[in-house]
Amino acid sequence: MSTDEVPVGDLARSTSRFRPEHEREQGHAMQVVITGGTGFIGSRLALRCLAEGHRVRVLGQENTPAEARNRAQLEAEGVEVHLGSVTDRRQVFSTIQGADWVFHLAAAQHEANVPDRHFWDVNVEGTRNVLEACVAAQVQRLVHGSTIGVYGSALAGPLDESSPVRPDNIYGRTKLEGERLVLAHQERLPAVVVRISETYGPGDLRLLKLFRAIQKGAFFLIGDGQNLHHLIYVEDLVRGLLQAAASEEAAGQVFVLAGKEALTTREMVETIAQALGARLPRISVPLLPVLGVAVAMETVLRPLGIQPPLHRRRMDFFRKSFHFSSHRAAEVFGFRPEVSFAEGVRRTLRWYVEQGYLSSAHLPSGGAHLPTRANGRVQSPAPASPERAGPEAEEVDAQPYAQTAEAGVLSSQELAAQIEPFDSFWEGPEDVASGYARFGQFYRVNYLPRLPRDRDARILVVSCGPGYFVNLLQEEGYTQVLGIDSDPAKVEHARQRGLNCRVARAFEFLQGTAPESYDLIICEQELNHLTKREMVAFLHLCRRALAMDGMLVVHGLNGANPITGAEALAQNFDHFNTFTAYSLAQVLAYCGYDRISVFPLNLYVFYSNPFNYVAMAWAGLNALLFRLNFMLYGKHNKIFTKKIGAVCRRGQ
């Protein structure tokens, strides 16, 4: 997180005046425990408590890359991190033992394809575990993080603590039940319930999707855009949570914490667009037809165990309207939000650029007022945007090539995939000989038009297997082709056909290759057989082996396909990643490649088979439906084949 947004010292000083009087005089450092501490809000609260001089212990999970990054940051700053769930009663008691203040922020909220019982177990029974552990540990104060979701759908006028609660989904209902449990423990535990409004700021990746869609011109309004949002900037929220914990008068009460102003969906996206220097499309889509499609998808797909790409809860952004009053919090413990939405957007945008999530190249004044990240360091000015190579190329942040330590030290024996290793082509028919025609046709249609025309180009095929790609290149007249594979039995098939293939392990071979030895490197195995660290190392090694302006060809599983994306990752123990067109181009740009073109790998290329024409039509219809559904959420995915490929050039 950027340290120049709201200085840690300033917030520490502003919250210290809300500590109990005897603790301020004695400089007492308390033991603070935060559940959900690896999440967005919890991690920011932990860092602020640490800045005040408190000892901080968090209980959290590491289910997402964001949670993993938060955990690493917290541990680096000296926070004691316990990984686990609030449903684990023994771990909850162990974590809370010795605590003075406890902030209970852990919750089940956005999980998909889980039964309602999961929300009850986490939000109700998990809260019960926290309460009983706090009582046993004689905690001085519990701050229970609840949600504005307990109010359900839109109501007239500003909502406050006395407004009726009407939760309309399992998340809101279980959070309300959690509130009731907390208030029922008042005689044994001084606790405060805080209903948290929609929160944003540095560290939040949910709003990043909206920023990206607006920057790329892929966002459009559904409905008239007049429904209200009342967001709160994360530093304002953290300040309010600390004030609630320090206030003796707050015990036993419920408070709403919301931001400085409410604004319509249209005002919200226009503010973001202005900060990005982007134009919003003038078109909008009527709400009711889209809502009808969402209901239909839920009705048809959920009984089949398929998470619908469009459902009613996802439409809440365009239809629910909330306006809150934090008057009670202002009166009781002096809470007053300080950051306007426009200022919060500016600070959040700065953080997105610093972290490399957004490019500053197209921001107002070229993003000259914002820092950029290169080689792991924040730098200025902003990098130039990458060139586009072909109509299907993805536009990504072009990061300068950065040499990594991994590139020179990884060996094939150290790679994570050992059942189906990266440096051996595993995919092929039992009748190996038949694969030369079948895979040859697949490669001819999907890859050949994108390869260099120079038949004397120096070409390396990594993970060549029996030499299917090498055979095609030889048939097409390429004269300097070498294939390598780690499986001697597969290479023997290639040799029997007179193909120039040898037994070699990919990482060791590339490490021993002289710089600029090849004009083209083709990776016949999917990149998803490498972990992210291994992938970056491999791409760096390929770049080193390529001549200036040399070409790299890679491919992987397409995570954007709603039908096969998740299954493709789960069905193989040695699959560690899937890609979208954006993320595949992103890692290539990061590793120093440019002129990146991501393209679909079409399976239906056997035109003599009539079934292929039926399959092509059906796949095309699915792709159209997928694209329309993605557009509803501001996503710009255009490629939905099972696998995607990419060609790129070695940058300067």
Working for side chain to side chain donor-acceptor pair (under 3.5 Å), residues K532 and N577: CA-CA 8 Å; K532 289 181 173 63; N577 307 278; 2.8 Å; yes
Test side-chain contact (heavy atoms from CB on, under 4.5 Å) applied to H327 and D160, step by step: CA-CA 8 Å; H327 180 70; D160 61 17; over 6 Å; no
Stepwise side-chain contact (heavy atoms from CB on, under 4.5 Å) check, L207 with Y352: CA-CA 10 Å; L207 206 61; Y352 287 156; 3.8 Å; yes
Salt bridge (charged side-chain N to carboxylate O under 4.0 Å, His left out) evaluation trace for E235 with R48: CA-CA 9 Å; E235 297 295 353; R48 294 308 181 188; 2.6 Å; yes
Derivation and outcome, side-chain contact (heavy atoms from CB on, under 4.5 Å), residues F579 and N558: CA-CA 5 Å; F579 300 93; N558 186 5; 5.9 Å; no
Check against ring pair (Phe, Tyr, Trp, His ring centres under 6.0 Å), F322 and Y151: CA-CA 9 Å; F322 288 115; Y151 294 109; 7.1 Å; no
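Side-chain contact between L45 and F103 is present, with at least one heavy-atom pair separated by less than 4.5 Å. In this structure, L183 and V254 have side chains that are in contact, with non-hydrogen atoms separated by less than 4.5 Å. Looking at H104 and V182, their side chains never come closer than 4.5 Å, going by heavy atoms from C-beta outward. At least one side-chain heavy atom of V135 sits under 4.5 Å from a side-chain heavy atom of H185.
Remark: E80 engages R57 in a salt bridge (Lys or Arg N to Asp or Glu O under 4.0 Å) (not counting sequence neighbours). By the salt bridge (Lys or Arg N to Asp or Glu O under 4.0 Å) test, R117 pairs with D121, sequence neighbours left out. With sequence neighbours excluded, no residue forms a side-chain hydrogen bond (donor to acceptor under 3.5 Å, both in side chains) with S326. Partners of F255 under the ring pair (Phe, Tyr, Trp, His ring centres under 6.0 Å) rule, at least two apart in sequence or in another chain, are F333. Considering only residues two or more places apart in sequence or on other chains, A72 meets the side-chain contact (heavy atoms from CB on, under 4.5 Å) condition with none of them. For the ring pair (Phe, Tyr, Trp, His ring centres under 6.0 Å) test, residues two or more places apart in sequence or in another chain that qualify with F341 are Y200. Residues satisfying the side-chain contact (heavy atoms from CB on, under 4.5 Å) criterion with S43, sequence neighbours excluded, are N70, L74.
Between D204 and K209, none of the side-chain N atoms (NZ, or NE/NH1/NH2) sits under 4.0 Å from a carboxylate O, so this pair counts as no salt bridge. Contact check on E179 versus K175 returns no salt bridge, with no Lys/Arg side-chain nitrogen under 4.0 Å from an Asp/Glu carboxylate oxygen. Using a cut-off of 4.0 Å between Lys/Arg side-chain N and Asp/Glu carboxylate O, R328 and E331 are scored as not salt-bridged. A salt bridge is defined here as a Lys NZ or Arg NE, NH1 or NH2 lying under 4.0 Å from an Asp or Glu carboxylate O, and E526 with K643 meets this definition.
The shortest heavy-atom contact between G36 and A106 is N-CB, 3.6 Å. The two residues V345 and F211 make their nearest non-hydrogen contact at CG1-CZ, 3.9 Å. The two atoms that bring F335 and G240 nearest to each other are CD1-CA, 3.7 Å, heavy atoms only. Contact between V32 and C49 at its shortest, heavy atoms only, is CG1-SG, 4.0 Å. Here the closest non-hydrogen pair linking T271 and A342 is CG2-CA, 3.8 Å. Of all heavy-atom pairs spanning F40 and G203, the tightest one is CD1-C, 3.4 Å.
Residue pairs meeting the salt bridge (charged side-chain N to carboxylate O under 4.0 Å, His left out) criterion with at least one member in residues 66-77, sequence neighbours excluded: E62-R71, R71-E75. Residue pairs meeting the salt bridge (charged side-chain N to carboxylate O under 4.0 Å, His left out) criterion with at least one member in residues 30-42, sequence neighbours excluded, do not occur. Listed by first then second residue, pairs satisfying side chain to side chain donor-acceptor pair (under 3.5 Å) with a partner in residues 222-231 read N227-T265, H229-T265, not counting sequence neighbours. Applying the side chain to side chain donor-acceptor pair (under 3.5 Å) test to residues at least two apart or on different chains, none of the pairs has a partner in residues 250-261. Within the structure, salt bridge (charged side-chain N to carboxylate O under 4.0 Å, His left out) pairs that include any residue of residues 126-137 comprise R89-E132, E125-R128 (at least two apart or interchain).
Between L241 atom CG and I196 atom CD1 the span is 5.5 Å, to the nearest 0.5 Å. Atom CG in L287 sits 7.5 Å away from atom CD1 in I222 (nearest 0.5 Å). Rounding to the nearest 0.5 angstrom, the gap separating the SG atom in C134 from the CH2 atom in W101 is 14.0 Å. Atom-to-atom distance recorded for L231:CG and E198:CD is 4.0 Å, nearest 0.5 angstrom. Taking CG of L257 as the start and OG of S197 as the end, the distance is 9.0 Å to the nearest 0.5 Å. With rounding to the nearest 0.5 Å, the separation of CG in L358 from CG in L349 is 6.5 Å.
With hydrogens and angles disregarded, no donor-acceptor distance shorter than 3.5 Å links the side chain of D236 to the backbone of R336. Judged purely by atom type and a 3.5 angstrom limit, S94 has no side-chain atom pairing as donor or acceptor with the backbone of R90. Side chain of N528 to backbone of L557: a donor-acceptor contact under 3.5 angstrom is found. Checked by atom type and distance alone, the side chain of T264 never pairs as donor or acceptor with a backbone atom of L228 at under 3.5 Å. In this structure a side-chain-to-backbone donor-acceptor pair under 3.5 Å is present from R141 to A245. Not one N or O on the side chain of S583 forms a donor-acceptor pair closer than 3.5 Å with the backbone of Q586. The closest donor-acceptor contact from the side chain of E267 to the backbone of A262 lies at 3.5 Å or more, if one exists at all. Q186 contributes a side-chain N or O that, together with a main-chain N or O of G252, makes up a donor-acceptor pair within less than 3.5 Å. In this structure, T35 contributes its side chain and L105 its backbone to a donor-acceptor pair below 3.5 Å. In this structure, the side chain of N129 does not engage the main chain of V92 through any donor-acceptor pair within 3.5 Å.
Side-chain contact of T127 with H144: a donor-acceptor pair under 3.5 Å is absent, judged by distance alone. Checked by atom type, the side-chain pair Y357/R212 shows no donor-acceptor distance below 3.5 Å. Between the side chains of N123 and T174, at least one donor N or O sits under 3.5 Å from an acceptor N or O.
Between L142 and the options L131, V192, V33, I96, a side-chain contact (heavy atoms from CB on, under 4.5 Å) holds for only L131.
Using bins of under 30°, 30° to 60° and over 60° for the plane-to-plane angle, the ring pair F219/F317 lands in the perpendicular bin.
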